[in-house]
Number of protein chains: 2
Amino acid sequence: MTTTIKDIAKRTGVSHSTVSRALRGDPLISFETAKRIRQAAKEMAYLPSAAARSLKTNRSQVLGVIVSSIDDPFFSEIVFGIEEAAQEAGYRLFIAASQHDPAREQKIIQAMMEHRTDGVIICSSSFSSDQGRQLLEYGFPIVVVNHQGAENFHYSIFHDDINGSRQITRHLIDLGHRKVAYLGNSLSGRTTLDRLAGFQAEMQAAGLTIPDEYVHHVAGNSPQFGMDGSNYLLNLKQPPTAIVCFNDMLAIGVLKCCRQAGLNVPDDISVTGFDNITFSAYTHPPLTTFDQPKQSIGSEAARLLLDLLDANPNGAVFQPKEIVLKGRLLVRDSTAVPSAVRNTL
Amino acid sequence: MTTTIKDIAKRTGVSHSTVSRALRGDPLISFETAKRIRQAAKEMAYLPSAAARSLKTNRSQVLGVIVSSIDDPFFSEIVFGIEEAAQEAGYRLFIAASQHDPAREQKIIQAMMEHRTDGVIICSSSFSSDQGRQLLEYGFPIVVVNHQGAENFHYSIFHDDINGSRQITRHLIDLGHRKVAYLGNSLSGRTTLDRLAGFQAEMQAAGLTIPDEYVHHVAGNSPQFGMDGSNYLLNLKQPPTAIVCFNDMLAIGVLKCCRQAGLNVPDDISVTGFDNITFSAYTHPPLTTFDQPKQSIGSEAARLLLDLLDANPNGAVFQPKEIVLKGRLLVRDSTAVPSAVRNTL
DNA sequence: CAGCGTGATGCACACGTGTGCAGACCGGGT
DNA sequence: ACCCGGTCTGCACACGTGTGCATCACGCTG
């Protein structure tokens with residue numbers, strides 16, 4: 001059996017309320033008594049029951065985290081940031097992966113509500129707005145990561161993807177590329193659209209047109225999908241001289257596909273990624289990418305949510321808040337002057 | 001306010017006990033009443049309070065998962081397997097990363113105990129036996145993944161690393177390698193020792209000796225550590241013709257280091273990994289590795305734990321159980337006949 | 001008509017913790 | 001002697017759910 005405050009009360013000869021107060025550090029209890037009680041608690045290896053406390057206080061000290069998939073390194077790093085911040089504040093994490101499956105999402109939401117999670121952080125790109133509304137109706141503080149459906153929720157934190165994508169594109173244009181394609185992931189919703197928008201904006205600013213077939217979407221994030229997508233692009237009548245990939249995962253597949261097609265990166269074709277996941281530094285050639293501060297995004301999201309929790313009990317409705325983080329262009333070796341231009345030098 | 005069974009009781013004109021029974025599907029309640037109650041519950045958007053239930057039943061429907069680090073793809077995939085199995089059985093996951101930090105581990109354990117987690121799965125390589133004992137004393141069912149300190153716990157599930165490592169080593173020996181080095185991760189405890197043992201056993205079986213300086217350990221799992229380690233090995237007076245790496249993460253760093261040193265893999269030197277993480281198929285050259293069934297390991301661990309939970313309430317002590325899973329050698333392009341041998345052909 | 005069994009429901013308590021309120025105790029000032 | 005204020009502690013109830021037991025209505029049998 002686990003020991004309870006009643007056991008401690010019996011042993012120290014006080015009431016269980018006194019024990020409760022003493023352990024919570026209530027100044028009502030005299031120092032001497034509190035000391036005795038703490039001592040006894042330690043000796044009896046007392047551990048408070050989170051269930052009982054949460055039942056009484058309506059606070060679970062748990063944050064829910066909904067993520068598209070755990071084994072995507074991008075999300076892993078964000079979760080890492082969340083965990084750091086949560087841990088520090090004495091909160092625990094309740095993590096679940098939606099796997100782009102609506103039925104599964106529904107179960108996750110239900111579970112989080114049943115556990116009376118204090119708040120929820122959504123990093124799932126495919127999160128439906130119906131389900132978001134459902135959470136909101138229950139009064140859950142929600143923070144959205146990565147701009148996903150941010151208009152429905154009031155608190156969000158995201159990376160400036162449009163700007164990042166513009167920088168990537170600018171970099172390629174500066175190198176002399178004119179025929180640039182975009183490879184997106186149709187499952188990534190808003191994020192892929194933002195990056196596409198940045199790409200288009202910068203191309204347009206440079207007076208360059210984008211043939212329809214140069215914008216291609218695949219339905220997943222793995223390198224395998226990157227290979228599929230680049231297969232398509234490389235087999236166009238007019239293949240591009242550079243491919244802007246939605247993220248590093250796809251780019252890694254693109255690199256492999258190019259190699260298999262006998263193309264040398266970056267001499268024959270340039271490839272860019274996005275996110276700067278760990279492995280992007282170890283591809284061959286190392287990937288030019290946009291370094292998104294993933295860990296900061298996670299920890300900022302957690303902090304924002306925690307702030308909301310501190311304020312909400314008053315019933316005070318916060319101002320909607322958006323935090324935008326900026327990353328930086330990381331030029332490595334997968335991009336270079338296109339061969340056509342090089343030959344004219 | 002959230003609705004409770006009392007609210008439903010008031011609305012349907014029955015007692016709260018009847019509601020409780022009806023919703024739990026107790027056959028004591030007449031079909032008609034149960035139907036009315038279920039209907040009302042749905043209309044009122046009732047969601048049971050996990051805290052209250054868990055307080056009363058002493059079951060939280062939550063499994064604790066302790067992992068070394070979330071952003072290591074190897075662990076991510078194991079967690080993925082755990083989640084699949086847990087979700088199916090109606091259990092939730094409580095994930096925490098120890099980051100090889102004992103203080104942090106202590107906090108994690110405490111949190112899990114306070115939440116009265118139904119059971120714990122430990123995937124953390126650096127988990128101290130003190131803390132394990134602490135968990136056991138509290139009567140937690142524990143399943144250990146990857147052989148880590150399995151002798152202290154009664155239920156474990158792991159991959160046959162010794163055999164896998166032998167196969168990898170055998171493969172290199174068959175190719176003609178005689179000067180083979182092992183690059184381990186000193187933080188991975190038992191796992192790295194098993195793989196080292198397999199390596200040594202197979203080398204010995206082939207009548208080959210291993211110079212002391214051919215066994216080298218680094219203190220982490222990132223590719224960067226792999227680069228550090230291979231830097232050491234390549235600068236020996238007698239550098240090896242093949243490097244057996246503890247895992248893919250290290251191997252990925254080794255590949256990069258070799259390239260930077262102007263060495264061609266596999267023509268100049270062979271490199272092997274272990275685990276078959278997603279990226280090992282996309283390195284250049286694609287990595288020869290040992291495919292460990294990570295997802296199965298996770299789901300098997302969860303299933304074993306769930307079995308324990310079903311049985312334990314009776315107080316019946318289970319037989320200790322070890323489940324050993326086997327993987328398979330995956331020969332890709334990072335290994336080849338050593339140049340010295342090739343030249344004599 | 002009494003007695004009994006059966007099926008459906010309510011009563012009351014329990015789980016472990018937190019908290020408003022009352023009350024006990026003590027010392028000091030009139 | 002009385003009162004007052006301050007300090008400390010206990011009583012009792014609450015949180016939402018689950019469950020043993022008593023209760024009640026009903027129909028059947030002898």
Side-chain angles (χ1 to χ4, degrees), chain A residues 1-38 40-41 44-62 90 110-111 113-118 138 313, chain B residues 1-38 40-41 44-62 110-111 113-118 138-139 313:
Chain A
M1 270 317 286
T2 53
T3 65
T4 72
I5 52 172
K6 288 186 185 174
D7 300 327
I8 302 179
K10 210 167 291 172
R11 165 137 161 208
T12 52
V14 297
S15 74
H16 82 273
S17 352
T18 303
V19 176
S20 171
R21 291 199 173 94
L23 295 180
R24 307 226 78 212
D26 193 318
L28 278 180
I29 306 301
S30 75
F31 182 76
E32 279 306 319
T33 318
K35 190 173 164 189
R36 256 177 54 229
I37 292 177
R38 278 197 303 270
M44 302 173 75
Y46 167 73
L47 279 179
S49 154
R53 175 175 293 169
S54 132
L55 175 61
K56 188 64 189 167
T57 62
N58 255 322
R59 296 294 231 87
S60 60
Q61 297 287 105
V62 171
Q110 185 173 332
M113 302 208 282
E114 289 185 3
H115 280 86
R116 307 292 193 264
T117 291
D118 287 340
Y138 269 83
Chain B
M1 272 315 287
T2 53
T3 64
T4 72
I5 52 173
K6 288 187 184 173
D7 300 326
I8 302 179
K10 209 167 292 172
R11 165 138 162 209
T12 52
V14 297
S15 74
H16 82 273
S17 352
T18 303
V19 175
S20 171
R21 290 200 173 94
L23 294 180
R24 307 225 77 211
D26 192 318
L28 276 180
I29 306 300
S30 75
F31 182 76
E32 280 306 321
T33 319
K35 190 173 162 190
R36 257 177 53 228
I37 292 177
R38 277 197 303 270
M44 302 173 76
Y46 167 74
L47 278 180
S49 154
R53 176 174 292 168
S54 133
L55 176 60
K56 189 64 188 168
T57 61
N58 255 324
R59 295 294 230 88
S60 60
Q61 297 286 103
V62 170
Q110 184 173 333
M113 300 208 283
E114 288 186 3
H115 280 86
R116 307 293 193 263
T117 291
D118 286 340
Y138 268 83

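Below, chain A is the first sequence line, B the second, and so on; all start at residue 1.
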For residues A:Ser20 and A:Ser17, is any side-chain donor paired with an opposing acceptor at under 3.5 Å?
no
Just the rounded figure in Å: distance from [atom2] of [N] to [atom1] of [X].
X: A:Asn58; N: D:dA14; atom1: CG; atom2: C1'; result: 12 Å
X: A:Leu55; N: C:dA14; atom1: CG; atom2: P; result: 17 Å
X: A:His16; N: C:dA14; atom1: NE2; atom2: P; result: 13 Å
X: A:Glu114; N: D:dG16; atom1: CD; atom2: P; result: 15 Å
X: B:Ile8; N: D:dG18; atom1: CD1; atom2: P; result: 11 Å
X: A:Arg53; N: D:dC15; atom1: CZ; atom2: P; result: 19 Å
X: B:Ile37; N: D:dT17; atom1: CD1; atom2: P; result: 13 Å
X: B:Arg59; N: C:dC15; atom1: CZ; atom2: P; result: 19 Å

Given [options], the nucleotide with the shortest approach to the side chain of [X]:
X: B:Thr57; options: D:dT17, D:dG18, D:dG10; value: D:dG18
X: A:Leu28; options: C:dT17, D:dG18, D:dT9; value: D:dT9
X: B:Arg21; options: C:dG18, D:dC8, D:dG20; value: D:dG20

Is the shortest side-chain heavy-atom distance between A:Tyr46 and A:Val19 below 4.5 Å?
no
Would you say that A:Gln61 contacts B:Glu114 through its side chain, given a criterion of any heavy-atom pair below 4.5 Å between the two side chains?
no
Under 4.0 Å from OP1 or OP2 of [N]: is there any side-chain N or O of [X] that close?
X: B:Thr33; N: C:dA8; result: no
X: B:Ser20; N: D:dG18; result: yes
X: B:Thr4; N: D:dG16; result: no
X: B:Ser15; N: C:dG10; result: yes
X: B:Ser30; N: C:dA8; result: no

Of B:Ser49 and A:Gly13, the one whose nearest nucleotide on DNA chain D sits closer to the 5' end is A:Gly13
Position toward the 5' end of DNA chain C (nearest nucleotide), B:Val14 or B:Lys56:
B:Val14
At 4.0 Å (heavy atoms only), tell me whether B:Phe31 reaches a base, stays on the sugar-phosphate, or touches nothing.
nothing
Looking across every strand, which nucleic acid part, if any, lies under 4.0 Å from A:Arg24 by heavy atom: base, sugar-phosphate, or nothing?
sugar-phosphate
Answer yes or no: side-chain N or O of [X] and base N or O of [N] forming a donor-acceptor pair under 3.5 Å.
X: B:Ser17; N: C:dC11; value: yes
X: B:Arg116; N: C:dG16; value: no
X: A:Ser54; N: D:dC15; value: no

Under the 3.5 angstrom rule, does the side chain of [X] hit a backbone N or O of [Y] as a donor-acceptor pair?
X: A:Asp118; Y: A:Arg59; answer: no
X: B:Ser60; Y: B:Arg116; answer: yes
X: A:Thr12; Y: A:Ile8; answer: yes

